Trainee: 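Sharing a structure with you now.
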Amino acid sequence: MLDLKALRRDPEVFRASHASRGGDPGDIDAVIALDERRREAIGRMETLRADRRQMSKQIGQAKDADTREALKAQVAAFKGELQSLEELSRTLEAETQAAVAALPNLVADDVPRGTTEDDNVVIATHGERPTFDFEPKPHWALGTDLGQIDFERGVKLSGSRFYVLRDDIARLQRAVIFYLLDLHTRRGGYRELYLPFVVRGETLFASGQLPKFADNLYRDHEEDLWLVPTAEVPITNFHGDEILEGDALPLRYCAYTPCFRREKMSAGKDVRGIKRGHQFDKVEMYAFVRPEDSEAELEKMRADAEAACAGLGLPYRVKALCTADLGFGARKTYDLEVWSAGCGEWLEVSSVSNVWDFQARRAKIRYRAEAGGKPELVHTLNGSGLGIPRAMIAILENNQQADGTIRVPEALRPFMGGVEVIGG
RNA sequence: GGAGGGGUGGCCGAGUGGUCGAAGGCGCUUGACUCGAAAUCAAGUGAGUGGCAACGCUCCGUGGGUUCGAAUCCCACCCCCUCCGCCA
């Protein structure tokens, strides 16, 4: 959520930022107009409340019944007005909150301008794309031929966009998860969390998914709990409504969770294979930092995500997302894409974002810069490290051999119980 | 799921209709003492919001209600604890 005060003080900055994302700058003016009405109503309400409080005190102190009754009559005289002002204030407050909560984060100055995702900028490419003396197959063919990716049974159990992994490919997925958690806890200094996979609506509001993206979420109406679309959601609210001590920062966490997304919007897109399912696994990195440290932390987190790609032996490239492609809560984002030889495309395996104080304000995550000081909002950052299915696709496709077997990358062998070749 | 108890400031905890944003303690800040530290003593110290400011308003789990006035009374919900039931 944006800072309403800052928005009031400096509307032009927010208009420009909003417009650069393809939004209507008028949205900003609408919020400001609403906020003005809100403050005006609150001002009048507070004056009346102050009067009432004064008189109520006098009633309590009044010696005789006559004085008391006279004062009561005075209060009663403006009671109706006060009530309608309270009603109005409440309505305007809610409307203002909703309007502000619907605005995306402010764009960082160094984000490339753009109007479509084609304006994202590739800023680095690493690793060698594998070459083959045969025609490399896409992972769905490899997996099906090995009998280790079972699309039919996934559909039988749960419908389209669900699949079953079996045997060594199932194990390979587990190995990737183990490898990534070990990497981030040891190398990156992230503390591992095991989190609930279902959360309350408030938690989703705190991280920015609600109310805007409700239709991409699975929900249990019975208990009013929601399945997490990413570990970012529970980690954000992990420190929700807390005041952290300054010397505790930075706080870095990583977590493995499955992610559940209805993906209603993109029906028909990427239907082949395991690239885009309703359920997928991900290891997430997350950091709570002092505001002055968030830009450096973004680079660190990007390096941590890169280390994951490199460690798995995957060729990858880094993209700076342009203003038009930036996510709702992000101020600046790097996407990491790995090369996948079978389907011949770059696959997004990580998105690393500096969220600034956007989630911290929603989730009320603050810290004291120094003991006894005023609490201030922290900055939060999140990054995939990595999205598992896409990483799996690249591993399977890049390490395939002519006979349809798959070499297990060196880094994963410790977790594969001696298996060096899948299907061998 | 059933019965009972409870949710108060960074933390613990008192407070059952007005003078309560709230005793006391811990923690923290500053000062005194000390070569320094500890201990001790003194003062200060909740969050948010509106205002240039003076100052005002809101917040005692959440949301409603009663009342001139609610931390305190009523209703609903959420959460925690204890016991019973069930259970991987």
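Bear in mind that the values here come from a model prediction, so they are computed numbers and not experimental data. We name chains A, B, ... by the order of the sequence lines, and we start the count at 1 in each one.
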Trainee: Calculate the interatomic distance between Leu82(A) atom CG and C68(B) atom P; express it in whole Å.
Mentor: 13 Å
Trainee: Distance to the ring centre below 6.0 angstrom and angle to the axis at most 45 degrees; does that hold for Arg174(A) and Phe415(A)?
Mentor: no
Trainee: Write down the distance separating the P atoms in A71(B) and U16(B), rounded off to the nearest Å.
Mentor: 13 Å
Trainee: Taking the six-membered ring for Trp, are Phe238(A) and Phe288(A) closer than 6.0 Å centroid to centroid?
Mentor: no
Trainee: Send over the distance from Leu48(A) CG to G50(B) P, rounded to a whole Å.
Mentor: 19 Å
Trainee: Using a heavy-atom cut-off of 4.0 Å across all strands, would you classify Ile59(A) as base, sugar-phosphate, or nothing?
Mentor: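 Touches a base.
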Trainee: Go ahead and name the base partner of U82(B); Watson-Crick or wobble counts if both distances stay under 3.5 Å, otherwise write none.
Mentor: A3(B)
Trainee: Starting at atom CG of Asp241(A), determine the distance to atom P of G48(B), rounded to an integer number of angstrom.
Mentor: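 Result: 11 Å.
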Trainee: In this structure, how many angstroms lie between the P atom of U49(B) and the CD atom of Gln97(A), rounded?
Mentor: 10 Å
Trainee: Quote, to the nearest angstrom, the C1' distance that separates G48(B) from C60(B).
Mentor: 15 Å
Trainee: Run the salt-bridge test on Arg161(A) and Glu263(A) with the 4.0 Å N-O cut-off and return the result as yes or no.
Mentor: no
Trainee: Taking protein heavy atoms under 4.0 Å as touching, what does nucleotides 51-65 of chain B look like 5' to 3' if B marks base contact, S marks sugar-phosphate-only contact and - marks none?
Mentor: S----BBS-----S-
Trainee: With no hydrogens and no angle check, is any side-chain donor or acceptor of Arg200(A) less than 3.5 Å from a backbone partner on Asp224(A)?
Mentor: no
Trainee: Between U30(B) and A37(B), how far apart are the P atoms? Round to whole Å, please.
Mentor: 12 Å
Trainee: G69(B) phosphate, OP1 or OP2: any side-chain N/O from Arg68(A) under 4.0 angstrom?
Mentor: no
Trainee: Mind checking who C28(B) pairs with, Watson-Crick or G-U wobble, both distances under 3.5 Å?
Mentor: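 Answer to the pairing question: G44(B), which forms a Watson-Crick or G-U pair with C28(B).
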Trainee: The side chain of Lys57(A) is closest to which nucleotide in this list: U19(B), C78(B), G10(B)?
Mentor: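 Among U19(B), C78(B), G10(B), the one nearest the side chain of Lys57(A) is U19(B).
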Trainee: Determine whether the side chains of Glu192(A) and Thr185(A) contain a donor N or O and an acceptor N or O closer than 3.5 Å.
Mentor: no
Trainee: Rounded to the nearest angstrom, tell me the gap between atom CZ in Arg368(A) and atom C1' in G9(B).
Mentor: 10 Å
Trainee: From CD of Gln83(A) over to P of C68(B), roughly how many Å is that when rounded to an integer?
Mentor: 11 Å
Trainee: Here's a test of your reading of the structure: between Arg38(A) and Glu245(A), which maps to the more 5' nucleotide of RNA chain B?
Mentor: Glu245(A)
Trainee: Taking the same atom, P, in G9(B) and in U62(B), what whole-Å distance lies between them?
Mentor: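 So the two P atoms sit 10 Å from each other.
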Trainee: May I ask which nucleotide in the shown strands pairs with C68(B), Watson-Crick or G-U wobble, both distances under 3.5 Å?
Mentor: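 Check on C68(B): paired to G18(B), both distances under 3.5 Å.
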Trainee: Select one nucleotide: of U49(B), C68(B), G48(B), the one nearest the side-chain heavy atoms of Ser56(A).
Mentor: C68(B)
Trainee: Assign each of Lys79(A) and Gly60(A) to its nearest nucleotide of RNA chain B by heavy atoms, then name whichever residue's nucleotide is nearer the 5' end.
Mentor: Gly60(A)
Trainee: Using whole Å, what does the distance between atom P of nucleotide G46(B) and atom CD1 of Ile243(A) come to?
Mentor: 12 Å
Trainee: If the C1' atom of A42(B) is compared with that of C81(B), how far apart are they to the nearest Å?
Mentor: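 So the two C1' atoms sit 41 Å from each other.
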Trainee: Under the side-chain hydrogen bond (donor to acceptor under 3.5 Å, both in side chains) rule, what do Glu232(A) and Ser207(A) come out as? Steps first, then yes or no, please.
Mentor: CA-CA 7 Å; Glu232(A) 177 195 335; Ser207(A) 54; 5.7 Å; no
Trainee: So, Gln401(A) versus Thr405(A): side-chain donor-acceptor pair below 3.5 Å or not?
Mentor: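 Indeed, the side chains of Gln401(A) and Thr405(A) share at least one donor-acceptor pair under 3.5 Å.
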Trainee: Report the distance from atom CG of Asp247(A) to atom P of C28(B), rounded to the nearest whole Å.
Mentor: 12 Å
Trainee: What orientation do Phe197(A) and Tyr256(A) show, parallel under 30°, tilted 30 to 60°, or perpendicular over 60°?
Mentor: perpendicular
Trainee: Mind checking the C1' distance from G15(B) to A23(B)? Whole angstroms is fine.
Mentor: 8 Å
Trainee: Applying a 3.5 Å limit to both distances, which nucleotide forms a Watson-Crick or G-U wobble pair with G56(B)?
Mentor: U49(B)
Trainee: So which nucleotide does A76(B) pair with, by the Watson-Crick or G-U wobble rule with both distances under 3.5 Å?
Mentor: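 Because both required distances fall under 3.5 Å, A76(B) counts as paired with U62(B).
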Trainee: Compute whether any side-chain donor of one residue and acceptor of the other, for Glu284(A) and Tyr253(A), lie under 3.5 angstrom apart.
Mentor: no
Trainee: Distance check, P atoms only: U40(B) and C77(B), in whole angstrom units.
Mentor: 49 Å
Trainee: Kindly say if Lys374(A) contacts the phosphate of U45(B), meaning a side-chain N or O under 4.0 Å from OP1 or OP2.
Mentor: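 False: Lys374(A) side-chain N/O out of range (4.0 Å or more) of U45(B) OP1/OP2.
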Trainee: Could you work out the separation of U58(B) and A22(B) based on their P atoms and round it to a whole Å?
Mentor: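 Per the computed distance, 14 Å lies between those P atoms.
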